[in-house]
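Before anything else, here's the structure in question.
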Amino acid sequence: MRGLPLWILSLCLTSSALAATPPSPAAVQPLPDIRQSGFVYCVSGILNTFNPQMASSGLTVDTLAAQLYDRLLDVDPYTYRLIPELAQSWEVLDNGATYRFHLRKDVPFQTTAWFTPTRKLNADDVVFSFERVFNQKHPYHDVNGGEYPYFDSLQFGDSVQSVKKLDDYTVEIRLQAPDASFLWHIATHYAPVLSAEYADDLTREGHQEMIDREPVGTGPFLLNEYRSGQYIRLARNDVYWKGKPRMPQVVIDLGAGGTGRLSKLLTGECDVLAYPAASQLSILRDDPRLRLTLRPGMNIAYLAFNTRKPPLNDLKVRQAISLAINNQRLMQSIYYGTAETAASILPRASWAYDNEAHVTEFDPAKSREILKQAGIESLSLRLWVPTASQSYNPSPLKTAELIQADLAQVGIKVTIVPVEGRFQEARLMEMNHDLTLTGWATDSNDPDSFFRPLLSCAAIRSQTNYAHWCDPGFDEVLQNALLSQQLSQRIENYQKAQKILEQQLPVLPLASSLRLQAYRYDIKGLVLSPFGNASFAGVYRESAEGPKK
């Protein structure tokens with residue numbers, strides 16, 4: 001995400017986004033020089049909120065969530081299995097309709113310039129955090145807009161029957177029906193545990209909106225300073241329950257994109273470069289001062305058709321466009337061998353991937369023939385494209401230009417419309433766009449975290465279904481996949497879902513990419529997870545490592 005321009009500010013504020021002002025001066029505590037006491041993490045992005053519950057993707061979820069907050073469960077980045085976090089154990093009851101969590105004791109909340117906790121985490125905090133999202137009558141549900149894109153797209157407000165405190169360290173969540181994906185969804189970074197005590201203090205002060213702007217969590221780092229469009233400074237949480245983080249501070253640099261960030265890495269202004277462009281790999285590999293990490297990613301880049309808008313509501317037109325796009329050229333010109341052509345909205349790493357799925361063929365002659373049969377001699381379309389590099393697409397604008405050139409060969413004129421951040425989401429939901437180049441990355445290994453957020457009927461209302469495609473039969477297949485704890489039955493349903501998408505083509509899958517991260521040779525302990533950025537608690541600078549203070 002990038003800095004917040006003034007022309008977006010009013011939109012962001014009305015859409016429950018973060019105010020473009022830094023925390024109060026008291027929040028900015030002097031810290032030692034970053035070279036001796038921390039590291040600089042460079043990433044493109046716009047910050048709309050510090051609360052990942054209210055984010056749909058991007059900087060808040062990919063980078064900040066793991067630093068500021070913890071969740072009930074985590075996902076092991078190596079085994080892809082659920083592991084305990086704030087919940088030290090859990091039980092699955094009623095064939096997957098009831099989930100009981102047993103919480104850790106002695107987990108402290110962060111002490112910040114705006115909040116000093118008087119107690120440690122307990123069941124009240126977990127109940128508050130989930131009730132806020134799932135219960136529309138909860139006093140905090142509508143604070144800052146009342147939109148929780150990820151969970152809204154899953155219809156959890158309708159599917160969660162109750163969230164109850166059984167005792168100070170036991171919480172039970174009852175669902176209306178069994179849902180085999182539930183644990184995976186609450187293990188995502190979209191499900192942080194917030195402080196109920198902090199919320200009560202803000203209510204007494206009449207400043208409930210600050211809960212998403214001046215964050216308080218149990219994570220390894222706390223917010224120290226924020227300058228819109230420039231940087232976020234995080235300070236070490238010295239009482240972190242997993243142990244004191246190794247670095248006193250982290251600076252997240254938001255101030256440069258593209259080659260600017262690469263230059264900062266080469267000159268030492270950045271210690272870590274998130275999402276380097278694949279075209280920069282040769283430079284990164286050849287520099288002895290740098291290290292490069294690559295891992296398979298749970299992500300997908302795709303082209304979404306606005307299926308509510310003629311002529312894209314015609315399947316034949318969507319097929320013609322798909323046939324005109326040279327996906328192999330995208331692989332060579334955008335990903336440089338760091339991605340594979342996608343045949344499904346699911347990445348190949350998913351356990352429900354359909355191995356019989358075929359990549360859409362490149363056949364411009366067939367595309368022109370279909371358009372001719374449909375009576376379309378000339379067609380002009382607007383393609384909305386995010387400007388920031390993402391884990392699933394390092395160069396969105398270049399990708400759009402290649403698609404533009406391909407479609408011109410079959411007589412389709414494409415106008416590229418660069419958009420960014422919440423502005424993109426709001427405009428896409430007006431349904432004025434024809435096409436949008438987008439993607440999805442999740443920190444869940446469950447297929448449901450791709451299908452429902454991107455293509456369910458509910459995801460239209462939650463602003464994550466850019467195709468505006470709604471098929472009740474598809475939704476029914478997804479629902480059937482949740483009713484059984486048997487993996488074989490779930491796989492069968494998800495392969496049915498993939499066949500429906502192949503036939504109806506609301507989106508054209510393009511690529512599933514490796515996750516890339518470049519960093520200076522002296523940075524150690526950096527973990528790159530396929531599910532999103534991991535905690536920075538174990539990161540240290542080798543040359544500066546000494547006795548802990």
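Everything numeric in this text was worked out from a predicted model, so none of it was measured.
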- Query: Would you call L202 and E214 a side-chain contact if the rule is heavy atoms closer than 4.5 Å?
  - Reply: no
- Message: On a heavy-atom basis, which atom in D212 and which in M54 lie closest, and how many Å separate them?
- Response: OD2-SD, 3.2 Å
- Query: Can any side-chain N or O of T60 pair as donor or acceptor with the backbone N or O of T49 at less than 3.5 Å?
  - Reply: yes
- Ignoring hydrogens and geometry, is there a side-chain-to-backbone donor-acceptor pair from T442 to S449 under 3.5 Å? no
- Task: Quick one: pull up CG in D158 and CG in L175 and give me the separation to the nearest 0.5 Å.
- Result: 12.0 Å
- Backbone N or O of A352 within a donor-acceptor pair of the Q498 side chain at under 3.5 Å?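 Flag set: sc Q498 to bb A352 pair under 3.5 Å.
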- State, without any angle test, whether R236 and Q249 hold a side-chain donor-acceptor pair at a distance under 3.5 Å. no
- Message: Quick check: closest heavy atoms across Y519 and T293, and the distance to 0.1 Å?
- Response: CE2-OG1, 3.2 Å
- May I ask you to test the P245-Y240 pair for a side-chain heavy-atom distance under 4.5 Å?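 Answer yes - side chains close enough.
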- Message: Please check: side-chain N/O of Q67 versus main-chain N/O of F221, any donor-acceptor pairing under 3.5 Å?
- Response: no
- Message: For E476, I'd like to know if atom CD has over 12 heavy atoms of other residues, nucleotides or ligands within 6.0 Å.
- Response: no
- Query: What residue among L254, D253, T63, I232 forms side-chain contact (heavy atoms from CB on, under 4.5 Å) with Y41?
  - Reply: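 Considering L254, D253, T63, I232, a side-chain contact (heavy atoms from CB on, under 4.5 Å) with Y41 is found only for T63.
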- Between W184 and N445, is a side-chain contact (heavy atoms from CB on, under 4.5 Å) present by the stated rule, with each step listed? CA-CA 7 Å; W184 288 96; N445 194 32; 3.6 Å; yes
- Message: As an exercise, state the distance from OH of Y275 to CG of L516, rounded to the nearest 0.5 Å.
- Response: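 It is 10.5 Å, given to the nearest 0.5 Å.
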- Query: CZ of R452 to CG of L154: how many Å apart, nearest 0.5 Å?
  - Reply: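 Rounded to the nearest 0.5 Å, the CZ-CG separation comes to 4.5 Å.
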- Is the distance between the ring centroids of Y231 and Y226 less than 6.0 Å? no
- Message: Over 60° means perpendicular and under 30° means parallel, so tell me whether Y148 and H141 are parallel, tilted or perpendicular.
- Response: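 Y148 and H141: tilted rings.
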- Taking 4.0 angstrom as the limit, do K164 and E172 come out as a salt bridge? no
- Hey, what do you get for OG (S195) to CD1 (I211), rounding to the nearest 0.5 Å?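 With rounding to 0.5 Å, OG (S195) is 7.5 Å from CD1 (I211).
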- Query: Taking the side chain from S484 and the backbone from Q489, do they hold a donor-acceptor pair closer than 3.5 Å?
  - Reply: no
- Message: Can you see whether D179 engages S181 through a side-chain donor-acceptor pair at a distance of less than 3.5 angstrom?
- Response: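 Yes, a side-chain donor-acceptor pair sits under 3.5 Å.
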- If we only count heavy atoms from C-beta on, is the F156 to V133 side-chain gap below 4.5 Å?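 With C-beta onward as the side chain, the pair stays apart.
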- Given side chains that start at C-beta, do those of L528 and L526 come closer than 4.5 Å, heavy atoms only? no
- Message: Between R132 and L194, is the side-chain contact (heavy atoms from CB on, under 4.5 Å) condition met? List the steps.
- Response: CA-CA 10 Å; R132 181 193 182 186; L194 313 180; 4.1 Å; yes
- Item | 4.5 Å side-chain heavy-atom contact, Y521 and E542 |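 Side chain of Y521 against side chain of E542, heavy atoms only: no contact under 4.5 Å found.
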- Task: Give a yes-or-no answer on whether the side chains of Y150 and H185 include a donor-acceptor pair shorter than 3.5 Å.
- Result: yes
- Query: Distance under 6.0 Å and angle within 45° of the ring axis: does K105 meet both against Y169?
  - Reply: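 K105 over Y169 ring: yes.
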- Task: Kindly say whether S129 contributes a backbone atom to a donor-acceptor pair with the side chain of Q53 at under 3.5 angstrom?
- Result: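 The answer is yes, because a donor-acceptor pair under 3.5 Å joins these two groups.
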- Query: How about T111 and P117: do any of their side-chain heavy atoms sit closer than 4.5 Å?
  - Reply: yes
- Item | Y69 side-chain N/O to A66 backbone N/O, donor-acceptor pair under 3.5 Å | no
- Query: In Å, rounded to the nearest 0.5 Å, how long is the span from CD of Q463 to CG of D152?
  - Reply: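 Atom-to-atom, Q463:CD and D152:CG are 9.5 Å apart.
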- Name the orientation class of the two ring planes belonging to F451 and Y494 (parallel below 30°, tilted from 30 to 60°, perpendicular beyond 60°). parallel
- Item | Pair D200 + R119, salt bridge at N-O below 4.0 Å |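 Salt bridge absent between D200 and R119.
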- Task: Taking R104 for its side chain and E85 for its backbone only, find out whether a donor-acceptor pair lies under 3.5 Å.
- Result: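 Looks like yes, one N/O pair under 3.5 Å.
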- State, to 0.1 Å, how close R71 and T188 come at their nearest heavy-atom pair, and which atoms those are.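 Nearest heavy atoms, R71 then T188: CD-O, 2.9 Å.
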- Task: Scan V160, D94, V163 and name whichever one has a side-chain contact (heavy atoms from CB on, under 4.5 Å) with R174.
- Result: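 Of the listed residues V160, D94, V163, the side-chain contact (heavy atoms from CB on, under 4.5 Å) partner of R174 is D94.
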- Would you find a donor on one side and an acceptor on the other, under 3.5 Å apart, between the side chain of N237 and the backbone of G219?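 Yes; at least one donor-acceptor contact below 3.5 Å.
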- Heavy atoms only: give me the nearest P215-W114 pair and the separation to one decimal.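 Heavy atoms of P215 and W114 come nearest at O-NE1, 3.4 Å.
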- Query: V507 and L454: side-chain contact (heavy atoms from CB on, under 4.5 Å), yes or no, with the steps?
  - Reply: CA-CA 10 Å; V507 299; L454 300 184; over 6 Å; no
- What do you reckon, are the aromatic ring centroids of F128 and H138 less than 6.0 Å apart?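 F128 vs H138: aromatic centres under 6.0 Å.
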- Message: Do the side chains of R541 and D522 get close enough for a salt bridge, i.e. N-O under 4.0 angstrom?
- Response: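 Looking at D522 together with R541, the answer is yes, because their closest N to O distance falls below 4.0 Å.
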- Taking all atoms of both residues into account, what is the closest heavy-atom pair of D475 and S456, and its distance? OD1-CA, 3.4 Å
- Message: Would you say D70 and T218 are linked by a side-chain donor-acceptor pair, where the criterion is simply a distance under 3.5 Å?
- Response: yes
- Query: Any side-chain donor paired with an acceptor under 3.5 Å for S159 and Q176?
  - Reply: no
- Query: Looking at F151 versus F134, is the centre-to-centre ring distance below 6.0 Å?
  - Reply: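 They qualify: ring centres under 6.0 Å apart.
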- Task: For A534 and V527, work out which heavy atoms get closest and say how close.
- Result: CB-O, 3.8 Å
- Ring-ring centroid check F109 F115, cutoff 6.0 Å: no
- Check the pair F39, I34 against side-chain contact (heavy atoms from CB on, under 4.5 Å), reporting the backbone distance first and the verdict last. CA-CA 6 Å; F39 68 98; I34 188 70; 5.7 Å; no
- To the nearest 0.5 Å, how far apart are CG in L183 and CG in L82?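 Answer for the CG-CG pair, L183 versus L82, is 6.0 Å.
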- Query: Which residues satisfy the ring-ring contact (aromatic ring centres under 6.0 Å, His included) test with H102, sequence neighbours excluded?
  - Reply: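 H102: no ring-ring contact (aromatic ring centres under 6.0 Å, His included) contacts found.
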- Item | Within-4.5 Å side-chain heavy-atom neighbours: L346 and I300 | no
- Message: With heavy-atom distances below 4.5 Å as the criterion, would you say the side chains of E197 and T118 are in contact?
- Response: yes
- Item | Residue among N480, D448, D446 satisfying side chain to side chain donor-acceptor pair (under 3.5 Å) with R490 | D446
- Query: Does the ring of Y540 carry R246 above it, NZ/CZ under 6.0 angstrom from centre and within 45° of its axis?
  - Reply: yes
- Query: Hey, does the side chain of D125 reach the backbone of N122 with a donor-acceptor pair shorter than 3.5 angstrom?
  - Reply: yes
- Counterpart residues, side-chain hydrogen bond (donor to acceptor under 3.5 Å, both in side chains), relative to R348 (two or more places apart): E340, Y353
